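Here is the structure we will look at.
Computed from a predicted model, the values in this text were never measured in an experiment. Atoms within each ligand, like the ligands themselves, are counted from 1 in listed order.
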Amino acid sequence: MKVCKISILFAMAFTGSMVSAQNPVIRNMYTADPSARVFNDTLYVYPSHDRDNAKWWDMEDWHVFSTTDMKKFEDHGKAFSLTDIPWAKKFAWAPDCAYRNGKYYFYYPTDQDNIGVAVGNRPYGPFKDPLGKPLLSRKSEGVVANRDFIDPNVFIDDDGQAYLFAGQLEVNAVKLNKDMISYKGKVNIIKGTDHFFEAIWVHKYNGKYYMSYAGKKDDKSADSILYAMADNVLGPYTYKGEILPPVNSGTNHHSIVQYKGKWYLFYHTADLALQNIPAGSEDRKYIQWRRSVCVDELHYNSDGTIQMVQPTVGK
Ligand code: FUB
């Protein structure tokens with residue numbers, strides 16, 4: 001009887017975060033760093049676009065994807081590219097997008113140094129650079145960037161105030177002005193995000209703020225998705241633990257979104273590359289740069305903490 005109860009509990013815990021059978025959900029190209037956003041009842045994914053033959057993170061452009069059933073993800077094509085940004089040279093990495101005043105604001109890092117913003121009339125672009133310079137960079141007053149200055153995340157609170165978060169090793173945060181292309185006040189350095197490395201994502205659930213991010217939970221581990229909670233968006237946060245264990249792509253980068261009454265964790269793995277590249281091929285050593293977007297359901301405990309997600313990761 002005891003064994004039976006334990007196995008039922010185990011099965012419930014596992015199926016609670018069980019994958020849709022289709023992971024990776026984006027298969028027409030390599031994609032990573034998915035920022036999922038809901039605009040007008042459609043879920044949009046803003047990922048990085050890993051090149052087909054990539055041997056590093058030398059990405060050049062961004063595509064936007066959308067779904068209404070969490071199964072079929074439509075590629076809306078190239079929305080923005082390094083060639084659209086005169087001041088940027090390289091590395092079209094993890095973006096994010098926000099909606100305000102009838103416009104869509106696309107935030108992106110370049111050169112491991114800068115956070116730019118581009119504006120479009122539709123969620124899938126095309127986007128245009130309104131500033132001709134970065135919105136924020138490692139040289140901006142108050143920014144702490146001892147490693148890369150990357151991975152923008154925008155959070156709009158219930159009172160309408162928008163915040164831009166960015167950074168590696170330190171979480172930098174500014175308040176955006178209503179125009180969404182400028183900021184006000186000082187750069188805040190967020191406290192309490194233990195083990196933080198990169199990939200900031202802020203969301204709110206039942207009045208609490210959640211900051212989730214990639215980081216090593218101890219010296220021996222690879223990057224997990226970890227999280228911290230706070231009563232105020234700018235912290236201080238209290239570290240809570242792991243949401244997603246390390247996956248097979250080395251980097252781990254995610255987003256959390258509510259859609260049609262369910263919560264989802266988007267992340268990436270190297271599974272599509274493992275399926276595409278035959279075992280024994282030299283190219284197998286490059287799978288960490290040919291990533292693919294996955295999604296699983298996410299569940300909260302009654303005290304607001306987040307249950308671990310068990311990803312389906314290939315070998
Ligand atoms: O995709 C390039 C970089 O790898 C991202 O900016 C990081 O978050 C990591 O996923």
- Query: Can we say K216 and D219 salt-bridge, meaning some charged N sits less than 4.0 Å from an Asp/Glu carboxylate O?
  - Reply: no

- Message: Tell me which one of Y259, Y105, Y104 satisfies ring pair (Phe, Tyr, Trp, His ring centres under 6.0 Å) with F39.
- Response: Y104

- Query: Heavy-atom contacts under 4.0 Å between R291 and ligand 1: side chain, backbone, both, or neither?
  - Reply: side chain

- Report yes if H253 has an N/O atom closer than 3.5 Å to an N/O atom of ligand 1; otherwise report no. yes

- Task: Kindly state each residue pair satisfying salt bridge (Lys or Arg N to Asp or Glu O under 4.0 Å) with at least one member in residues 129-144, sequence neighbours excluded.
- Result: D113-R138

- List every atom of ligand 1 that sits less than 4.0 Å from any heavy atom of M59, numbering the atoms from 1 in the order shown and giving each element. 1 (O), 2 (C)

- Query: Measuring from the heavy atoms of Q168, does anything fall under 4.0 Å of ligand 1?
  - Reply: no

- Describe, in one word, how the ring planes of Y210 and Y205 are oriented to each other, choosing from parallel (under 30°), tilted (30 to 60°) and perpendicular (over 60°). perpendicular

- Task: Over 60° means perpendicular and under 30° means parallel, so classify the ring planes of F155 and Y209, tilted if in between.
- Result: perpendicular

- Message: As an exercise, identify every atom of ligand 1 less than 4.0 angstrom from a heavy atom of I150.
- Response: 6 (O)

- Item | Shortest protein contact, atom 1 (O) of ligand 1 (heavy atom only) | D33 OD2, 2.5 Å

- Message: Using 30° and 60° as the class boundaries, would you call the ring planes of F91 and W93 parallel, tilted or perpendicular?
- Response: parallel

- Message: For atom 6 (O) of ligand 1, what is the closest protein heavy atom, and at what distance to 0.1 Å?
- Response: D151 OD1, 2.6 Å

- For ligand 1, which atoms have a heavy atom of H268 less than 4.0 angstrom away? 10 (O)

- Could you tell me the residue and atom name of the protein heavy atom closest to atom 9 (C) of ligand 1, and the distance to it rounded to 0.1 Å? E198 OE2, 3.3 Å

- Compute whether any side-chain donor of one residue and acceptor of the other, for N276 and Y30, lie under 3.5 angstrom apart. yes

